[in-house]
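A quick write-up on the structure given underneath.
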Amino acid sequence: AQRVTQPEKLLSVFKGAPVELKCNYSYSGSPELFWYVQYSRQRLQLLLRHISRESIKGFTADLNKGETSFHLKKPFAQEEDSAMYYCALSPGGATNKLIFGTGTLLAVQP
Amino acid sequence: EPEVTQTPSHQVTQMGQEVILHCVPISNHLYFYWYRQILGQKVEFLVSFYNNEISEKSEIFDDQFSVERPDGSNFTLKIRSTKLEDSAMYFCASLLISGTGSYTFGSGTRLTVV
């Protein structure tokens, strides 16, 4: 079964603290993995994807196939990082559909 | 920056009525999608559309649902005989290049069935 699990509904940290948003996936093939972010009153937008191995707004995510994880990390959280974060998997194929996790609300306290 | 536009932002309808949700994808995108999010639950894939036909649909997307791209720009989701459990946020998305994951999402239509 194709599944994405984000175990934390809410993660609250203080400004300047490190952040790790957990994501585990279940997929038998080679998935493509993404992190999407939704800031308050804004639309879902792509934050980063595993294939590009980039850092966006200080966030990075490494695909660990052994642990089937794709955790999102940032060394020093900022208040403007407060948002809903969704991990998503694309099984590939012609449709490019996304399978989302339930999301984690990151709240960065001043 | 180009946007995916969804209208209306909020639709209230009586159970049993038909609703049509509207989306204008980015003009040069080739792949179109509908997703929904029931309050408190995950965003779920409904249907994908490419080359003027459905390329994949989920188990949720039964005969109650249909999609159309009537004029080459608008992309609509029709829900016939709405049920209370159809209440959700419905997101339209479009994609230019296969495999990039670089979806552009609309801001969603909140459907409330009463």
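Just so we're on the same page: letters track the sequence lines, and every chain starts at 1. Computed from a predicted structure; not experimentally measured. Basis for what follows: all heavy atoms, side chains included, without hydrogens, waters or symmetry-related copies.
- Contact of T102(A) with chain B is made through backbone and side chain together, with heavy-atom distances under 4.5 Å.
- Between Y90(B) and Y35(B), the ring center distance fails the sub-6.0 Å criterion.
- Look at E44(B) and K42(B) and you find no salt bridge, because none of the NZ, NE, NH1 or NH2 atoms lies under 4.0 Å from a carboxylate O.
- Contacts of Q45(A) with chain B are absent, with no heavy-atom separation under 4.5 Å from either backbone or side chain.
- The distance between the ring centers of F59(A) and Y85(A) falls below 6.0 angstrom.
- E20(A) and K73(A) are joined by a salt bridge, as a carboxylate oxygen and a charged side-chain nitrogen come within less than 4.0 angstrom of each other.
- Taking chain B as the reference chain and counting heavy-atom pairs below 4.5 Å, the highest number among L98(A), L44(A), L33(A) is found for L98(A).
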